Amino acid sequence: MEKTKLILDCDPGHDDAVAILLAARHPKLDLLGITVVAGNQTLENTQQNARKVLQWVGEDLPVYAGCPGPLVRQKLIAADIHGSTGLDGPVFPPLTKELEAEHAVHFIIHTLLDSDGEITVVTTGPMTNLALAIRLEPRIVEKIHRIVLMGGSYTNGNVTPAAEFNILADAEAAHICFTCGRPITMVGLDVTRKVLCYPEIVERMKRIGNPASELFAALMAHFCRTQKEIFGWEGGPLHDPVTVASLIDPQLLTLKPMNVQIDLRSTQSYGRTNCDYFGYLQLPPTADVAVDIDVEHFWDIIEEGLRLYSEDKP
Ligand code: RIB
Ligand code: CA
């Protein structure tokens, strides 16, 4: 079976952490490396968090630190959701897993340049690292098989009425990525808000009884509490793993090609993904936008992914 090669660029973050768990060991995926960006927390925290997650489950994948802030605007941190460390909740052992010396942007560049164009770039945080890689070395663009991002929405935002966090945090970077000409799958709030991690889901995963499921439960205890405090939901939306799950099963999402433009000019709607759902502008589509998700199947994929940590790695 041909594995899907991917780079995961993230800002752990509780939901990013679950995306890492799902991508690190799945037999359909070949995770080449994890690149980290500032977003949910500072880069110092997010790069440590990525290493903490891998160390918890004994996965020895390389972690590369990238950009400490957006290309143009001021840094935006989501400490209200993810806490002062960015991964509040679990009690992690002292961190011994090393950070790679190479900058994330350089890792992205040479990994793509050395490839035959089969690598998917998954971003689950602000798109700064990928955007800078594209600007620094435009030759990588033709080598990107597809960009699969968690970000945006064709309805409303989650930081402002118009904008979702990952796009708002670096809208200029998102614009560079959305206009690079490569295939894009946009996994926005429209579908990620359908996968709410209710208490019964947490219990279902906890019953697996291995290190990954234990970490999942500890992460969700914090994540779901802050999401309820802020949004009033009984379960936190598990945004980021939807990107990885869509690589494991391409049938998971219902996609609709749309022309998507990032609002860089407005004040009220800065950072909005303007998705032309009805084709008013009669412009060519620029992204495959997720408009629905098989929720039950998503949780089956999460359970399957966590169960992989019950066996010794092949
Ligand atoms: O808006 C949700 C997104 O912003 C998720 O990726 C979350 O981890 C934060 O990065
Ligand atoms: Ca994220």
Side-chain angles (χ1 to χ4, degrees), residues 6-23 34-43 45-50 52-53 63 66-70 75-83 85-89 104 121-130 147-171 173-174 177 185-197 216 219-220 222-224 226-227 230-231 233 235-246 262 270-273 289-290 293 298:
L6 72 147
I7 293 169
L8 175 59
D9 188 77
C10 55
D11 63 335
H14 292 69
D15 51 335
D16 303 77
V18 179
I20 291 172
L21 290 174
L22 189 58
I34 295 173
T35 53
V36 187
V37 68
N40 283 319
Q41 254 298 337
T42 62
L43 178 66
N45 279 323
T46 55
Q47 58 90 343
Q48 287 185 52
N49 292 339
K52 285 176 183 176
V53 171
V63 174
C67 297
K75 190 159 49 186
L76 187 65
I77 298 288
D80 55 342
I81 297 279
H82 301 277
T85 69
L87 218 48
D88 283 15
V121 180
V122 177
T123 65
T124 63
M127 303 179 83
T128 317
N129 287 339
L130 181 54
I147 298 171
V148 179
L149 71 125
M150 192 280 138
S153 81
Y154 61 86
T155 51
N156 49 30
N158 63 353
V159 181
T160 70
E164 175 278 330
F165 178 85
N166 286 338
I167 307 297
L168 178 64
D170 198 340
C177 297
T185 299
M186 183 184 116
V187 179
L189 296 173
D190 320 284
V191 296
T192 64
R193 280 173 162 161
K194 292 185 177 182
V195 287
L196 299 181
C197 191
F216 179 92
L219 287 167
M220 290 303 106
H222 174 90
F223 184 66
C224 295
T226 57
Q227 291 278 352
I230 294 169
F231 294 100
W233 292 322
L238 211 51
H239 306 289
D240 294 335
V242 177
T243 57
V244 176
S246 75
I262 311 295
Y270 171 78
R272 177 171 174 71
T273 48
V289 178
I293 181 171
F298 172 74

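Note that this is a predicted model, so its numbers are computed, not measured. When reading the values below, keep in mind they use all heavy atoms of this one structure, side chains included, and skip hydrogens, waters and symmetry mates. In each ligand, atom 1 is the first atom listed, and ligand 1 is the first ligand listed.
- The minimum heavy-atom distance between Ala171 and Gly271, with the atom names listed, is CB-CA, 3.9 Å.
- Residue Thr243 forms a side-chain contact (heavy atoms from CB on, under 4.5 Å) with just one option from Thr124, Thr192, Ile147, Thr185, and that option is Thr124.
- Screening Ile7, Val121, Leu149 against Leu130 for a side-chain contact (heavy atoms from CB on, under 4.5 Å) leaves a single residue, Val121.
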Name each N or O atom in ligand 1 that is under 3.5 Å from a protein N or O, and give the partner atom and the distance.
{"unit_1": "ligand 1", "atom_1": "1 (O)", "unit_2": "Asn158", "atom_2": "ND2", "d": "2.8"}
{"unit_1": "ligand 1", "atom_1": "1 (O)", "unit_2": "Glu164", "atom_2": "OE2", "d": "2.5"}
{"unit_1": "ligand 1", "atom_1": "4 (O)", "unit_2": "Asn166", "atom_2": "OD1", "d": "3.2"}
{"unit_1": "ligand 1", "atom_1": "6 (O)", "unit_2": "Thr124", "atom_2": "O", "d": "2.9"}
{"unit_1": "ligand 1", "atom_1": "6 (O)", "unit_2": "Asn166", "atom_2": "ND2", "d": "3.0"}
{"unit_1": "ligand 1", "atom_1": "6 (O)", "unit_2": "Asp240", "atom_2": "OD1", "d": "2.5"}
{"unit_1": "ligand 1", "atom_1": "6 (O)", "unit_2": "Asp240", "atom_2": "OD2", "d": "3.0"}
{"unit_1": "ligand 1", "atom_1": "8 (O)", "unit_2": "Asp15", "atom_2": "OD1", "d": "2.7"}
{"unit_1": "ligand 1", "atom_1": "8 (O)", "unit_2": "Asp15", "atom_2": "OD2", "d": "3.1"}
{"unit_1": "ligand 1", "atom_1": "8 (O)", "unit_2": "Asp16", "atom_2": "OD1", "d": "3.0"}
{"unit_1": "ligand 1", "atom_1": "8 (O)", "unit_2": "Asn40", "atom_2": "ND2", "d": "3.0"}
{"unit_1": "ligand 1", "atom_1": "8 (O)", "unit_2": "Asp240", "atom_2": "OD2", "d": "3.1"}
{"unit_1": "ligand 1", "atom_1": "10 (O)", "unit_2": "Asp11", "atom_2": "OD1", "d": "3.2"}
{"unit_1": "ligand 1", "atom_1": "10 (O)", "unit_2": "Asp11", "atom_2": "OD2", "d": "3.0"}
{"unit_1": "ligand 1", "atom_1": "10 (O)", "unit_2": "Asn40", "atom_2": "OD1", "d": "3.4"}
{"unit_1": "ligand 1", "atom_1": "10 (O)", "unit_2": "Asn40", "atom_2": "ND2", "d": "3.3"}
{"unit_1": "ligand 1", "atom_1": "10 (O)", "unit_2": "Asn166", "atom_2": "OD1", "d": "2.8"}

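- You'll find the side chain of Leu219 reaches within 4.5 Å of the side chain of Leu87, heavy atoms only.
- Distances shorter than 3.0 Å separate the Ca ion (ligand 2) from the protein N/O/S atoms Asp11 OD1, Asp16 OD1, Asp16 OD2, Thr124 O, Asp240 OD2.
- Taking the six-membered ring where tryptophan is involved, the planes of His14 and His222 are essentially parallel, since the angle between them stays under 30° and well short of 60°.
- A side-chain hydrogen bond (donor to acceptor under 3.5 Å, both in side chains) with Asn129 is found for exactly one of Thr123, Thr35, Asp11, Asp9, namely Asp9.
- The shortest side-chain heavy-atom distance between Asp240 and Cys10 does not fall under the 4.5 Å cut-off.
- Here side-chain hydrogen bond (donor to acceptor under 3.5 Å, both in side chains) pairs that include residues 161-170, with residues two or more places apart or in two chains, are Thr128-Asp170.
- Taking the ring pair (Phe, Tyr, Trp, His ring centres under 6.0 Å) definition, one finds that Tyr154 meets it with Tyr277, sequence neighbours left out.
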